[in-house]
Amino acid sequence: MDKKVRLGVIGTGHMGQYHVNVAKMLSDAELIGIFDASTERATQIAEKHKTKAFASEADLFKEVDAVIIAAPTFLHHKIAKQALAEKIHVLVEKPISQTVEEAKELVELANTNKLILQVGHVERFNGAVLELGKVAEHPLMIESRRIAPFNARISDVGVVLDMMIHDIDIVLNLVKSEVVDVKAVGSSIVSNHEDVASVVLRFANGCVASLNASRASQAKIRTLNISQKDSYLFLDFTNQEIEIHRQASSTTQLGKGEIRYKQESIVEKIFVHKDNPLKQEHEHFIACIQGSAEPMVKGESDIRTLEVAYRILQQIGEKK
(Lines give C-alpha, C1' and ligand atoms only; values in the text may rest on other atoms or scores of the structure.)
Protein backbone atom coordinates (compact mmCIF):
# COMPACT_ATOMS: atom_id res chain seq x y z
CA MET A 1 0.00 0.00 0.00
CA ASP A 2 1.66 3.21 -1.23
CA LYS A 3 -1.08 5.67 -0.41
CA LYS A 4 -1.46 7.19 3.04
CA VAL A 5 -3.61 5.29 5.53
CA ARG A 6 -6.79 7.22 6.36
CA LEU A 7 -6.97 7.30 10.16
CA GLY A 8 -9.65 8.17 12.71
CA VAL A 9 -9.62 8.49 16.51
CA ILE A 10 -12.58 7.45 18.68
CA GLY A 11 -12.57 8.89 22.20
CA THR A 12 -10.81 12.18 22.93
CA GLY A 13 -10.38 12.06 26.68
CA HIS A 14 -7.00 12.27 28.41
CA MET A 15 -5.36 9.47 26.39
CA GLY A 16 -7.39 10.16 23.26
CA GLN A 17 -5.97 13.69 23.00
CA TYR A 18 -2.45 12.26 22.93
CA HIS A 19 -3.49 9.91 20.14
CA VAL A 20 -4.98 12.78 18.10
CA ASN A 21 -1.84 14.86 18.55
CA VAL A 22 0.46 12.00 17.48
CA ALA A 23 -1.77 10.93 14.57
CA LYS A 24 -1.31 14.37 13.00
CA MET A 25 2.48 13.88 12.88
CA LEU A 26 2.51 10.59 10.96
CA SER A 27 4.10 10.71 7.50
CA ASP A 28 2.35 7.58 6.17
CA ALA A 29 -1.13 8.35 7.52
CA GLU A 30 -3.67 11.14 7.32
CA LEU A 31 -5.92 12.04 10.25
CA ILE A 32 -9.40 12.16 8.71
CA GLY A 33 -11.30 13.02 11.87
CA ILE A 34 -12.47 12.11 15.35
CA PHE A 35 -15.57 11.00 17.22
CA ASP A 36 -16.45 11.53 20.87
CA ALA A 37 -19.69 10.82 22.73
CA SER A 38 -19.61 14.45 23.86
CA THR A 39 -20.40 16.59 20.79
CA GLU A 40 -19.10 19.67 22.58
CA ARG A 41 -15.80 18.01 23.39
CA ALA A 42 -15.43 16.55 19.89
CA THR A 43 -15.98 19.98 18.33
CA GLN A 44 -13.50 21.57 20.73
CA ILE A 45 -10.75 18.99 20.01
CA ALA A 46 -11.42 19.06 16.26
CA GLU A 47 -11.03 22.85 16.16
CA LYS A 48 -7.85 22.68 18.23
CA HIS A 49 -6.26 20.07 15.95
CA LYS A 50 -7.78 21.35 12.68
CA THR A 51 -9.62 18.13 11.86
CA LYS A 52 -13.25 17.01 11.48
CA ALA A 53 -15.63 15.96 14.26
CA PHE A 54 -17.94 13.18 13.05
CA ALA A 55 -21.51 12.79 14.33
CA SER A 56 -21.16 9.03 14.92
CA GLU A 57 -18.72 6.12 14.77
CA ALA A 58 -20.62 4.83 11.71
CA ASP A 59 -20.03 8.09 9.83
CA LEU A 60 -16.33 7.97 10.68
CA PHE A 61 -16.04 4.32 9.59
CA LYS A 62 -17.19 5.28 6.06
CA GLU A 63 -14.21 7.60 5.60
CA VAL A 64 -11.26 5.71 7.15
CA ASP A 65 -9.02 2.65 6.68
CA ALA A 66 -8.09 2.39 10.38
CA VAL A 67 -9.21 3.66 13.78
CA ILE A 68 -7.61 4.22 17.15
CA ILE A 69 -10.02 3.46 20.00
CA ALA A 70 -9.36 5.41 23.19
CA ALA A 71 -12.90 5.25 24.61
CA PRO A 72 -13.64 3.89 28.12
CA THR A 73 -12.83 0.17 28.57
CA PHE A 74 -16.47 -1.01 28.65
CA LEU A 75 -16.89 0.31 25.07
CA HIS A 76 -13.75 -1.29 23.59
CA HIS A 77 -15.39 -4.53 22.49
CA LYS A 78 -18.50 -2.90 20.97
CA ILE A 79 -16.60 -0.27 18.95
CA ALA A 80 -13.75 -2.59 17.89
CA LYS A 81 -16.24 -5.26 16.75
CA GLN A 82 -18.15 -2.72 14.65
CA ALA A 83 -14.91 -1.45 13.07
CA LEU A 84 -13.58 -4.93 12.28
CA ALA A 85 -16.93 -5.91 10.79
CA GLU A 86 -16.61 -2.87 8.48
CA LYS A 87 -13.15 -4.17 7.38
CA ILE A 88 -11.33 -1.40 9.29
CA HIS A 89 -7.97 -1.96 11.02
CA VAL A 90 -7.99 -1.32 14.79
CA LEU A 91 -5.55 -0.05 17.41
CA VAL A 92 -7.42 -0.30 20.71
CA GLU A 93 -6.14 0.98 24.04
CA LYS A 94 -5.45 -1.60 26.74
CA PRO A 95 -7.15 -3.58 28.09
CA ILE A 96 -8.49 -4.93 24.80
CA SER A 97 -11.89 -5.68 26.39
CA GLN A 98 -13.67 -6.37 29.65
CA THR A 99 -13.60 -10.16 29.32
CA VAL A 100 -11.33 -12.82 27.84
CA GLU A 101 -14.25 -14.13 25.74
CA GLU A 102 -14.75 -10.68 24.17
CA ALA A 103 -11.01 -10.46 23.44
CA LYS A 104 -11.06 -13.87 21.72
CA GLU A 105 -14.04 -12.79 19.60
CA LEU A 106 -12.19 -9.66 18.41
CA VAL A 107 -9.01 -11.58 17.59
CA GLU A 108 -10.98 -14.19 15.62
CA LEU A 109 -12.89 -11.48 13.71
CA ALA A 110 -9.64 -9.67 12.83
CA ASN A 111 -8.05 -12.91 11.62
CA THR A 112 -11.11 -13.86 9.57
CA ASN A 113 -11.20 -10.44 7.87
CA LYS A 114 -7.38 -10.35 7.52
CA LEU A 115 -7.14 -7.10 9.49
CA ILE A 116 -4.58 -5.65 11.89
CA LEU A 117 -5.81 -5.65 15.49
CA GLN A 118 -3.20 -4.07 17.74
CA VAL A 119 -3.53 -3.48 21.49
CA GLY A 120 -2.11 -0.27 22.95
CA HIS A 121 0.66 -1.62 25.15
CA VAL A 122 2.69 1.54 24.64
CA GLU A 123 5.49 0.39 26.99
CA ARG A 124 6.47 -2.25 24.38
CA PHE A 125 7.63 0.72 22.27
CA ASN A 126 9.67 2.32 25.05
CA GLY A 127 13.26 2.50 23.73
CA ALA A 128 14.63 0.64 26.76
CA VAL A 129 12.07 -2.19 26.42
CA LEU A 130 12.91 -2.58 22.72
CA GLU A 131 16.56 -3.17 23.76
CA LEU A 132 15.64 -5.36 26.73
CA GLY A 133 14.78 -8.40 24.62
CA LYS A 134 18.37 -8.47 23.32
CA VAL A 135 19.94 -8.76 26.80
CA ALA A 136 17.28 -10.54 28.90
CA GLU A 137 17.80 -14.08 27.63
CA HIS A 138 17.14 -16.32 30.64
CA PRO A 139 15.41 -14.40 33.48
CA LEU A 140 15.50 -16.18 36.85
CA MET A 141 13.76 -13.48 38.89
CA ILE A 142 11.94 -10.34 37.78
CA GLU A 143 10.81 -7.44 39.97
CA SER A 144 8.67 -4.57 38.72
CA ARG A 145 7.52 -1.38 40.45
CA ARG A 146 4.95 0.88 38.84
CA ILE A 147 3.67 3.47 41.29
CA ALA A 148 2.10 6.89 40.78
CA PRO A 149 -0.21 9.44 42.42
CA PHE A 150 -3.95 8.91 41.99
CA ASN A 151 -5.49 10.28 38.79
CA ALA A 152 -9.27 10.69 38.90
CA ARG A 153 -9.56 10.31 35.08
CA ILE A 154 -9.33 6.50 35.43
CA SER A 155 -12.53 5.40 37.14
CA ASP A 156 -13.71 2.31 35.23
CA VAL A 157 -10.82 -0.07 36.10
CA GLY A 158 -8.41 -0.68 38.98
CA VAL A 159 -4.62 -0.55 39.12
CA VAL A 160 -4.20 -4.06 37.63
CA LEU A 161 -5.90 -3.25 34.31
CA ASP A 162 -4.81 0.39 34.35
CA MET A 163 -1.09 0.09 35.20
CA MET A 164 0.13 -3.41 36.10
CA ILE A 165 -1.09 -4.84 32.78
CA HIS A 166 1.93 -3.19 31.10
CA ASP A 167 4.29 -5.22 33.28
CA ILE A 168 2.27 -8.43 32.89
CA ASP A 169 2.56 -8.03 29.11
CA ILE A 170 6.31 -7.32 29.20
CA VAL A 171 7.08 -10.16 31.64
CA LEU A 172 5.08 -12.76 29.70
CA ASN A 173 6.82 -11.70 26.51
CA LEU A 174 10.26 -11.99 28.16
CA VAL A 175 9.82 -15.30 30.00
CA LYS A 176 7.96 -17.20 27.25
CA SER A 177 6.84 -19.94 29.65
CA GLU A 178 3.49 -20.98 31.11
CA VAL A 179 2.32 -19.32 34.34
CA VAL A 180 1.79 -22.20 36.79
CA ASP A 181 0.97 -20.23 39.95
CA VAL A 182 -0.44 -16.81 40.84
CA LYS A 183 -0.41 -15.21 44.29
CA ALA A 184 -1.99 -11.77 44.57
CA VAL A 185 -3.15 -9.28 47.20
CA GLY A 186 -4.55 -5.79 46.80
CA SER A 187 -6.82 -3.20 48.33
CA SER A 188 -8.97 -0.16 47.54
CA ILE A 189 -7.74 3.12 48.96
CA VAL A 190 -8.97 6.04 46.86
CA SER A 191 -11.48 4.44 44.46
CA ASN A 192 -14.05 1.64 44.19
CA HIS A 193 -11.45 -0.64 42.56
CA GLU A 194 -8.11 -1.99 43.78
CA ASP A 195 -5.58 0.88 43.96
CA VAL A 196 -2.59 -1.12 45.20
CA ALA A 197 -1.65 -4.65 44.18
CA SER A 198 1.24 -7.00 44.84
CA VAL A 199 1.57 -10.14 42.72
CA VAL A 200 3.93 -13.11 42.46
CA LEU A 201 3.89 -15.17 39.26
CA ARG A 202 5.68 -18.54 39.04
CA PHE A 203 6.50 -19.94 35.62
CA ALA A 204 6.94 -23.53 34.45
CA ASN A 205 10.63 -22.89 33.67
CA GLY A 206 11.27 -21.82 37.28
CA CYS A 207 11.33 -18.06 36.79
CA VAL A 208 9.58 -16.00 39.49
CA ALA A 209 8.20 -12.51 38.87
CA SER A 210 7.15 -10.05 41.58
CA LEU A 211 4.91 -7.25 40.28
CA ASN A 212 3.95 -4.26 42.42
CA ALA A 213 1.65 -1.44 41.38
CA SER A 214 0.06 1.50 43.16
CA ARG A 215 -1.91 4.53 42.06
CA ALA A 216 -2.07 5.91 45.59
CA SER A 217 1.56 6.99 45.96
CA GLN A 218 3.22 10.36 46.39
CA ALA A 219 5.99 9.45 43.93
CA LYS A 220 6.13 8.23 40.33
CA ILE A 221 8.41 5.23 39.83
CA ARG A 222 8.45 2.79 36.90
CA THR A 223 11.28 0.27 37.06
CA LEU A 224 12.02 -3.35 36.14
CA ASN A 225 14.83 -5.48 37.60
CA ILE A 226 15.90 -8.82 36.13
CA SER A 227 18.26 -11.32 37.74
CA GLN A 228 20.01 -13.77 35.40
CA LYS A 229 22.74 -16.33 36.00
CA ASP A 230 25.59 -14.00 35.03
CA SER A 231 24.01 -10.54 35.09
CA TYR A 232 21.54 -8.19 36.77
CA LEU A 233 19.51 -5.79 34.60
CA PHE A 234 17.97 -2.53 35.77
CA LEU A 235 15.48 -0.74 33.51
CA ASP A 236 14.03 2.72 34.12
CA PHE A 237 10.93 3.23 31.95
CA THR A 238 10.75 6.98 32.60
CA ASN A 239 14.32 7.75 31.51
CA GLN A 240 14.38 4.91 28.93
CA GLU A 241 17.65 3.58 30.37
CA ILE A 242 19.13 0.10 30.95
CA GLU A 243 22.07 -0.88 33.14
CA ILE A 244 23.73 -4.31 33.15
CA HIS A 245 25.60 -5.31 36.32
CA ARG A 246 28.14 -8.17 36.03
CA GLN A 247 30.74 -9.95 38.17
CA ALA A 248 29.39 -8.62 41.45
CA SER A 249 31.38 -9.29 44.62
CA SER A 250 30.97 -8.16 48.19
CA THR A 251 33.20 -7.98 51.26
CA THR A 252 32.66 -7.14 54.91
CA GLN A 253 35.36 -5.27 56.83
CA LEU A 254 35.50 -5.04 60.59
CA GLY A 255 36.92 -1.79 61.94
CA LYS A 256 37.00 -0.18 65.37
CA GLY A 257 33.44 -0.33 66.58
CA GLU A 258 31.92 -0.52 63.11
CA ILE A 259 31.16 -2.92 60.26
CA ARG A 260 31.75 -1.77 56.69
CA TYR A 261 30.04 -3.45 53.75
CA LYS A 262 31.54 -3.08 50.29
CA GLN A 263 30.08 -4.21 46.94
CA GLU A 264 31.72 -4.04 43.52
CA SER A 265 30.49 -4.86 40.02
CA ILE A 266 31.06 -3.92 36.40
CA VAL A 267 28.22 -1.72 35.15
CA GLU A 268 27.39 -1.40 31.44
CA LYS A 269 24.99 1.27 30.15
CA ILE A 270 23.14 0.18 27.02
CA PHE A 271 22.70 2.77 24.27
CA VAL A 272 18.98 3.34 23.83
CA HIS A 273 17.38 5.19 20.93
CA LYS A 274 14.92 7.44 22.75
CA ASP A 275 11.76 8.46 20.93
CA ASN A 276 8.11 9.11 21.77
CA PRO A 277 6.76 5.57 22.51
CA LEU A 278 3.21 6.53 21.46
CA LYS A 279 4.52 7.83 18.11
CA GLN A 280 6.52 4.61 17.69
CA GLU A 281 3.34 2.63 18.42
CA HIS A 282 1.36 4.57 15.77
CA GLU A 283 4.13 4.19 13.18
CA HIS A 284 4.29 0.45 13.83
CA PHE A 285 0.49 0.16 13.45
CA ILE A 286 0.61 1.95 10.10
CA ALA A 287 3.59 -0.13 8.93
CA CYS A 288 1.67 -3.34 9.77
CA ILE A 289 -1.34 -2.12 7.75
CA GLN A 290 0.93 -1.31 4.80
CA GLY A 291 2.54 -4.76 5.06
CA SER A 292 6.07 -3.55 5.84
CA ALA A 293 6.07 -4.88 9.44
CA GLU A 294 4.71 -7.78 11.49
CA PRO A 295 2.55 -6.91 14.54
CA MET A 296 4.67 -6.71 17.69
CA VAL A 297 1.67 -6.90 20.03
CA LYS A 298 -0.52 -9.66 18.59
CA GLY A 299 -4.08 -10.27 19.72
CA GLU A 300 -3.32 -13.84 20.84
CA SER A 301 -0.57 -12.44 23.10
CA ASP A 302 -2.98 -9.97 24.66
CA ILE A 303 -5.53 -12.72 25.36
CA ARG A 304 -2.86 -14.42 27.48
CA THR A 305 -2.04 -11.13 29.22
CA LEU A 306 -5.73 -10.55 29.96
CA GLU A 307 -6.16 -14.12 31.28
CA VAL A 308 -3.33 -13.59 33.80
CA ALA A 309 -4.72 -10.16 34.76
CA TYR A 310 -8.12 -11.67 35.53
CA ARG A 311 -6.54 -14.50 37.56
CA ILE A 312 -4.91 -11.75 39.61
CA LEU A 313 -8.16 -9.82 39.99
CA GLN A 314 -10.00 -12.99 41.01
CA GLN A 315 -7.50 -13.59 43.82
CA ILE A 316 -7.66 -9.98 44.96
CA GLY A 317 -11.46 -10.14 44.93
CA GLU A 318 -11.47 -13.31 47.04
CA LYS A 319 -9.19 -11.71 49.63
CA LYS A 320 -11.01 -8.38 50.03
Main chain of I316, side chain of E194: is a donor-acceptor contact present, judged purely on distance under 3.5 Å?
no

Do NZ/NE/NH1/NH2 and the carboxylate oxygens of E283 and K279 come within less than 4.0 Å?
yes

side-chain contact (heavy atoms from CB on, under 4.5 Å) partner of V9, chosen from V22, V67, L31:
L31

How long is the span from the CG atom in L211 to the CD1 atom in I312, to the nearest 0.5 Å?
6.5 Å

Could you check whether atom NZ of K176 has more than 12 heavy atoms from other residues, nucleotides or ligands sitting under 6.0 Å from it?
yes

So, does S188 use its side chain to make a donor-acceptor pair with the main chain of H193 at under 3.5 Å?
yes

All heavy atoms of V175 vs all of C207, minimum pair found to be CG2-SG, 3.9 Å

Test ring-ring contact (aromatic ring centres under 6.0 Å, His included) applied to H166 - qualifying residues, sequence neighbours left out:
none

Counting only pairs under 3.5 Å, give me each side-chain donor-acceptor contact of residues 109-120, with atom names and distances, residues two or more places apart or in other chains.
| residue | atom | partner | partner atom | Å |
| --- | --- | --- | --- | --- |
| N111 | ND2 | V107 | O | 3.3 |
| N111 | ND2 | E300 | OE2 | 3.3 |
| T112 | OG1 | E108 | O | 2.8 |
| N113 | ND2 | L84 | O | 2.9 |

Considering residues at least two apart in sequence or located in another chain, which fulfil the side-chain contact (heavy atoms from CB on, under 4.5 Å) criterion with A204?
S177, E178, V180

Residue pairs involving residues 117-129 (criterion salt bridge (charged side-chain N to carboxylate O under 4.0 Å, His left out); sequence neighbours excluded)
E123-R146, E123-R222, R124-D169

Scan the side chains in residues 132-143 for donor-acceptor partners under 3.5 Å anywhere in the protein, sequence neighbours excluded, and list what turns up.
| residue | atom | partner | partner atom | Å |
| --- | --- | --- | --- | --- |
| K134 | NZ | E131 | OE1 | 3.4 |
| K134 | NZ | E131 | OE2 | 3.3 |

Hey, what do you get for OG1 (T305) to CG (D167), rounding to the nearest 0.5 Å?
11.0 Å

Please confirm whether the backbone N or O of V196 pairs with a side-chain atom of S214, one donor and one acceptor, at under 3.5 Å?
no

Show every salt bridge (charged side-chain N to carboxylate O under 4.0 Å, His left out) that has at least one partner inside residues 23-32, sequence neighbours left out.
none

Could you tell me which residues satisfy ring-ring contact (aromatic ring centres under 6.0 Å, His included) with Y232, sequence neighbours excluded, listed by chain and number?
H245

Check for me, please, whether V20 and M25 land in the same ILVMFWY cluster - side-chain distances under 4.5 Å, paths through other members count.
no

K274/E241 salt bridge by N-O under 4.0 Å criterion
yes

Which pair of heavy atoms, one from V160 and one from A197, lies closest together, and at what distance?
CG2-CB, 4.0 Å

With sequence neighbours left out, what residues match H284 under ring-ring contact (aromatic ring centres under 6.0 Å, His included)?
F125

Under the rule for side-chain contact (heavy atoms from CB on, under 4.5 Å), what residues qualify as partners of A66, not counting sequence neighbours?
V5, L7, H89, F285, I289

Please, which pairs that meet side-chain hydrogen bond (donor to acceptor under 3.5 Å, both in side chains) have at least one residue in residues 36-54, sequence neighbours excluded?
T12-D36

State whether a side-chain donor-acceptor pair under 3.5 Å links H77 with Q98.
no

D195 side-chain N/O to I189 backbone N/O, donor-acceptor pair under 3.5 Å
yes

Which pair of heavy atoms, one from A70 and one from H19, lies closest together, and at what distance?
CB-CD2, 4.0 Å

If we ignore hydrogens and angles and just use 3.5 Å, is the side chain of K220 paired with the main-chain N or O of I147 as donor and acceptor?
no

Any donor-acceptor N/O pair, D65 side chain to R6 backbone, under 3.5 Å:
yes

Just to verify, what does A103 make a side-chain contact (heavy atoms from CB on, under 4.5 Å) with, not counting sequence neighbours?
I96, S97, I303, L306

If you measure from CG on L224 to CG on L174, what distance do you get to the nearest 0.5 Å?
7.0 Å

Value rounded to 0.5 Å, distance of CG in D230 from CZ in R246
6.0 Å

With sequence neighbours left out, what residues match K269 under salt bridge (charged side-chain N to carboxylate O under 4.0 Å, His left out)?
E243

Nearest heavy-atom pair of A216 and V190: which atoms, and what distance?
CB-CG2, 4.5 Å

